[in-house]
Amino acid sequence: MTDTYNPQEIEPRWQATWERDGLYRSRVDWSKPKHYALTMLPYPSGDLHIGHWFAMTPSDARARYMRMKGYNVLFPMGFDAFGLPAENAAIQRNIHPAKWTYANIERMRGQLRSMGAMFDWEREAVSCEPSYYKWTEWFFKKFYEAGLAYRGEAMVNWSPTLQTVLANEQVIDGHDERTGQPVIQKMMTQWFFRYTRYADEMLDFSELDWPEPIKIMQTNWIGRSEGAQVVFKVDDTADEIRVYTTRPDTLWGATFMVLAPEHKLVDKITTPDQREAIDAYRQQAAGSTEIERTAEDRDKTGVFTGAYAINPVNDERIPIWIADYVMVTYGTGAIMAVPYGDQRDFDFARKFGLKIVPVVQPEGVEEVPTADNLTAAYTGAGVMINSGAINGTVHNGGKGRKSPAIAAAIDYLQANGIGQESVNYRLRDWLVSRQRYWGSPIPMIHRADGTLETVPDDQLPVELPRDVEFTPSGRSPLTYYEPFLNATDSAGDPARRETDTMDTFMCSSWYWYRYLSPQYDAAPFDPEEAAYWLPVDVYTGGAEHATMHLLYARWFNKAMRDLGMFDEAAQIMRQNGRDPEGLFDEPMMLLRNQGQVLGAERPGDYILATGRYEGDKLFADHVRVVDGPNDVPAGFEGVFGEIRKRTENVLQVDMTGVRRIVEVVEGATVEIPDIEGKNDVNQLRHHLEIMRMSKSRGNVVNPDELVGQYGADTVRAYLMFAFDWEKGGPWDPNGIKGVVNWLNDVWQIAMTTAPTTSGDPNVNRDVERKVHQAIDSVQSSLERFSFNTAIAALMALRNNLQAFIKGGGIGEAAWRDAMSIMLRLMSPITPHITEELWHRLGFADSAHGSVHQQAWPVYDADKAREDSVTLVVMVNGKPRGEAQVAPDISEEEATQIALTNSDAQRFINGNQPKKIIFIRGRKGQEPKVNIVV
RNA sequence: GGGGCAGUGGUGGAAUGGUAUACACGGCGGUCUUAAAAACCGCUUCCUUCGGGAUUGUGGGUUCGAAUCCCACCUGCCUCACCA
């Protein structure tokens with residue numbers, strides 16, 4: 001043992017001790033309240049990065065705090081181990097995905113241990129283990145049997161260069177993220193889950209303490225809208241076109257129809273003379289990339305089919321077109337076009353010379369709109385015109401039946417059998433199949449007659465064959481590996497195994513259930529464990545999962561509930577006196593998102609700017625980026641220096657310590673040698689520019705190196721201290737010094753300042769007061785996930801103790817109490833140094849040897865109370881004077897003191913107070929009196 | 001284009017109706033040293049005629065009192081996006 005703080009010696013020693021003693025093992029104990037703390041599991045990409053530390057160590061601190069508060073805490077960890085990067089490694093470097101994955105997991109386990117987190121490693125779950133994906137397959141099978149999973153046709157992302165389908169998350173801005181090649185949309189038969197089955201229930205967040213933005217994003221993603229379906233007959237045929245509209249009130253203004261190019265009826269209704277044009281257009285639409293189809297301000301395109309439909313409300317014969325601005329995936333894939341009331345339809349009508357009929361008289365406008373005078377569609381409120389039966393009703397701008405005109409239109413449609421009220425969702429069914437090897441197999445068999453059957457339970461899991469070969473084509477080896485491909489159906493006839501595997505989001509949609517009992521083999525989870533631990537109390541992770549993982553998780557949980565998978569757990573709950581009502585409706589009750597740690601700031605461009613001065617400000621007509629101060633020509637007249645900040649065209653330039661303002665004028669010449677082509681002011685980079693970490697940018701912060709240099713406690717504390725956790729921000733390598741000093745000071749105080757006398761009672765009381773004020777701040781901060789203020793309060797306590805020690809008079813008992821409480825308050829944040837000092841100061845007894853087995857200090861408001869506080873005297877809301885008073889001063893007394901306060905009287909200036917407001921000194925705040933004159 | 005979040009010293013940030021700038025980084029001055037680093041002590045929102053005045057992106061409003069609540073705008077980030 002050394003006498004200076006040496007984290008490199010302390011930390012591995014305690015980590016080994018905790019593991020040996022099973023300190024963080026969590027077991028069902030119905031005599032204690034439970035707390036299931038969960039943090040998102042990592043993908044085993046090879047190395048733990050600083051983002052993992054930022055996500056996990058504060059979550060660990062919160063879980064540790066809950067444990068000290070008396071909860072039985074479960075805080076598990078695992079790996080989301082299936083996925084494409086492993087398969088890429090196989091294709092590119094000829095390493096088997098399993099080998100790559102397990103090597104990474106092994107490496108990351110070690111790195112995770114270096115955090116000193118209280119993970120219960122006996123609960124570890126790895127999604128690519130057959131014992132895990134057996135149950136992923138089992139869920140698929142149960143969902144299939146319940147009609148929640150089905151095989152159907154859908155538009156998917158197809159990469160022509162790779163000759164394979166790609167997942168949505170692999171397509172970024174219309175390009176395949178791996179090769180950068182464009183992706184097109186293609187109809188293919190795939191496996192889906194009935195996502196919309198729970199759409200309405202998933203819109204209900206009333207039981208959830210989740211961040212507001214996540215709830216809003218999910219609501220928008222589900223995209224519920226209210227309207228009507230209307231049936232149009234195709235003229236001279238028996239065919240019908242069904243459309244969905246949110247504005248059935250504008251039906252009288254529907255002057256043409258548009259079908260998606262992929263709509264099933266297109267082929268059938270196209271007239272011979274239009275056939276060629278239609279086929280060409282459909283061909284082109286199918287071959288166009290996502291980029292081309294969604295490009296902004298793209299001109300409307302489309303082709304007339306030659307066919308006509310009959311508008312059911314006025315029997316008008318209206319042309320049927322096809323156009324790619326109508327999506328086959330939304331609504332019915334066909335629209336009634338109302339150019340008067342919809343900008344897209346308006347643009348289309350203008351381009352192709354189609355008829356426009358005004359149907360809403362805008363509010364507050366006298367003149368009647370005419371088609372010829374319109375420059376844009378009118379979407380606002382008004383009175384219905386040219387609208388037959390609903391003429392004169394009011395469209396108030398509200399959605400659905402909230403608008404009288406829409407309500408009237410729906411009633412009319414239903415009364416006349418033309419259509420009915422309808423709810424539509426933006427949400428599409430969840431496409432779960434992938435044409436890949438490294439994923440959970442789909443336990444289905446294609447029989448020779450084309451029918452499907454499930455793999456029997458006793459044959460689960462369908463295991464991934466290990467001895468397969470990967471070819472550069474990227475095609476899944478499952479599709480050509482005969483031993484896997486060839487199966488036998490239930491009748492004993494030869495059949496073909498399903499070669500698609502499941503989306504990895506499927507694996508991560510139930511992992512917190514597997515943590516309950518990763519070894520259990522009778523079911524996905526042990527109902528005894530589930531009854532005690534479920535639901536998850538606190539879930540932490542990145543907000544980027546808002547509409548994917550977090551929505552899948554909710555759907556999965558509801559499907560499991562409805563299939564009775566929690567029934568047994570509910571029964572056990574009841575036996576233990578816990579009411580299961582509502583506990584299985586949602587998987588995670590409370591959610592918090594951490595922000596992102598970004599790369600360090602980089603220096604701004606060094607520029608030379610010339611132009612015309614107006615005072616100190618330079619209006620630059622020429623800005624040139626140079627390498628640095630050495631490139632300033634002798635006798636240069638303009639502004640030179642580093643750009644510290646840029647707001648549009650105004651630069652703040654650091655000119656050897658002096659801040660100069662440079663406004664880059666319209667049409668100025670900007671020269672940036674590193675950026676080819678014509679440069680502009682927006683390309684000038686400034687000091688505060690921040691960015692994601694990446695190897696190519698050379699701004700990656702390596703946690704292993706930081707731990708080697710400073711120790712895990714310092715890295716943990718710095719990550720919690722340097723940012724607002726829910727925001728994140730750019731990494732600042734200098735700030736860590738404050739945390740280093742803090743822990744060194746704490747070590748110093750604990751090891752060298754123990755008094756031996758009983759001390760001065762007044763000082764002892766002051767110490768006790770500061771300690772209890774710290775309990776209150778740290779506790780309320782940790783409750784709110786406000787880690788930075790918890791550490792600030794602990795640093796302030798350090799400052800106070802240092803001052804008391806310097807001033808002298810602390811007694812032995814007061815000092816030991818202060819140490820005991822301070823170490824316990826710090827222990828969730830910095831578990832190693834506090835454990836070491838806890839032992840060195842002799843606080844450890846044999847029964848509860850660890851600081852991490854101690855109870856959280858109990859806050860005592862009486863002990864935290866000040867003897868006297870500052871009364872703030874305000875005149876007209878501005879602080880003018882002060883007086884020392886008792887904290888529980890009465891209003892009369894305070895008013896009296898305030899009115900006679902000499903500083904205040906100068907501002908009252910002999911005037912008669914109009915009003916006097918007394919603000920009682922609430923917790924931590926001074927009493928105030930505001931005198932209004 | 002729709003939706004959301006944010007804007008506070010040189011920097012990270014604190015304060016969610018009651019003394020704006022807690023806690024830290026950086027900076028400045030000092031002590032110690034041949035010197036530097038470290039350590040320690042002090043100062044550090046801006047202006048000031050030293051009385052005070054101004055200040056939380058901008059402009060309005062509510063209130064005895066606004067960083068905080070309301071309205072409009074500006075800027076940045078996130079997200080969805082020809083969604084009928």
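Reminder, nothing fancy here: chain letters follow the sequence lines and each chain counts from 1.
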Give a yes/no answer on whether the side chain of A:Lys806 brings an N or O atom under 4.0 Å of OP1 or OP2 in B:C40. no
Can you find a side chain N or O atom of A:Asn220 that sits less than 4.0 Å from OP1 or OP2 on B:C83? no
If the C1' atom of B:G2 is compared with that of B:A81, how far apart are they to the nearest Å? 8 Å
C1' atoms of B:U44 and B:A37, separation to the nearest Å: 23 Å
Which base sits across from B:A84 as a Watson-Crick or G-U pair, both distances under 3.5 Å? none
Side-chain touch A:Met874/A:Ile931, heavy atoms, less than 4.5 angstrom: no
Select from A:Lys928 and A:Ile216 the residue whose nearest nucleotide in RNA chain B is closer to the 5' end of that strand. A:Ile216
Quick one: is A:Tyr244 getting a side-chain N or O under 4.0 Å of the B:A84 phosphate, OP1 or OP2? no
A:Ala722 backbone acceptor or donor facing A:Asn788 side chain under 3.5 Å: no
Is any side-chain N or O of A:Asn593 closer than 4.0 Å to OP1 or OP2 of B:C78? no
Does a side-chain N or O from A:Arg224 land closer than 4.0 Å to OP1 or OP2 of B:C83, or not? no
By the Watson-Crick or G-U definition, both distances under 3.5 Å, B:U33 is matched with none
Both distances under 3.5 Å, Watson-Crick or G-U wobble: report the partner of B:G12, or none. B:C23
With both distances kept under 3.5 Å, what pairs with B:C64, Watson-Crick or G-U wobble? B:G18
So, OP1 or OP2 of B:C83: does either fall under 4.0 Å of a side-chain N or O from A:Arg428? no
Using a 4.0 Å heavy-atom cut-off across all strands, classify A:Lys215 as base, sugar-phosphate, or nothing. nothing
Quick one: look up who B:A6 pairs with, Watson-Crick or G-U, both distances under 3.5 Å, and put none if it's unpaired. B:U75
Side-chain N or O of A:Arg344 versus OP1/OP2 of B:C83: is the shortest distance under 4.0 Å? yes
Ignoring backbone atoms, establish whether A:Asn876 has a side-chain N or O less than 4.0 Å from OP1 or OP2 of B:C64. no
Could you state the atom-to-atom distance from CD of A:Gln218 to P of B:C80 in whole Å? 13 Å
Between A:Thr547 and A:Phe907, just flag the one whose closest nucleotide in RNA chain B comes earlier from the 5' side. A:Phe907
P atom, B:G53 versus B:C43: distance in rounded Å? 24 Å
Any A:Lys878 side-chain nitrogen or oxygen under 4.0 Å from OP1 or OP2 of B:A20: no
Is there a side-chain contact between A:Leu871 and A:Ile897 (heavy atoms, below 4.5 Å)? yes
Donor-acceptor pair, A:Tyr330 side chain versus A:Arg428 backbone, under 3.5 Å? no
Side-chain N or O of A:Arg242 closer than 4.0 Å to phosphate OP1/OP2 of B:A84: no
Polar side chain donor-acceptor pair, A:Gln884 to A:Ser868, under 3.5 angstrom: yes
Would you kindly give the OH-to-P distance between A:Tyr718 and B:G13, to the nearest whole Å? 10 Å
Without hydrogens or angle criteria, can the side chains of A:Thr789 and A:Ser781 be said to hold a donor-acceptor pair below 3.5 Å? yes
If pairing means Watson-Crick or G-U wobble with both distances under 3.5 Å, then the partner of B:G42 is B:C28
To the nearest Å, give me how far apart NZ (A:Lys915) and P (B:C64) are. 5 Å
Side-chain donor or acceptor of A:Lys914 under 3.5 Å from a matching atom on the base of B:C64? no
Between A:Arg880 and B:G53, is there a side-chain N or O to OP1/OP2 distance below 4.0 Å? yes
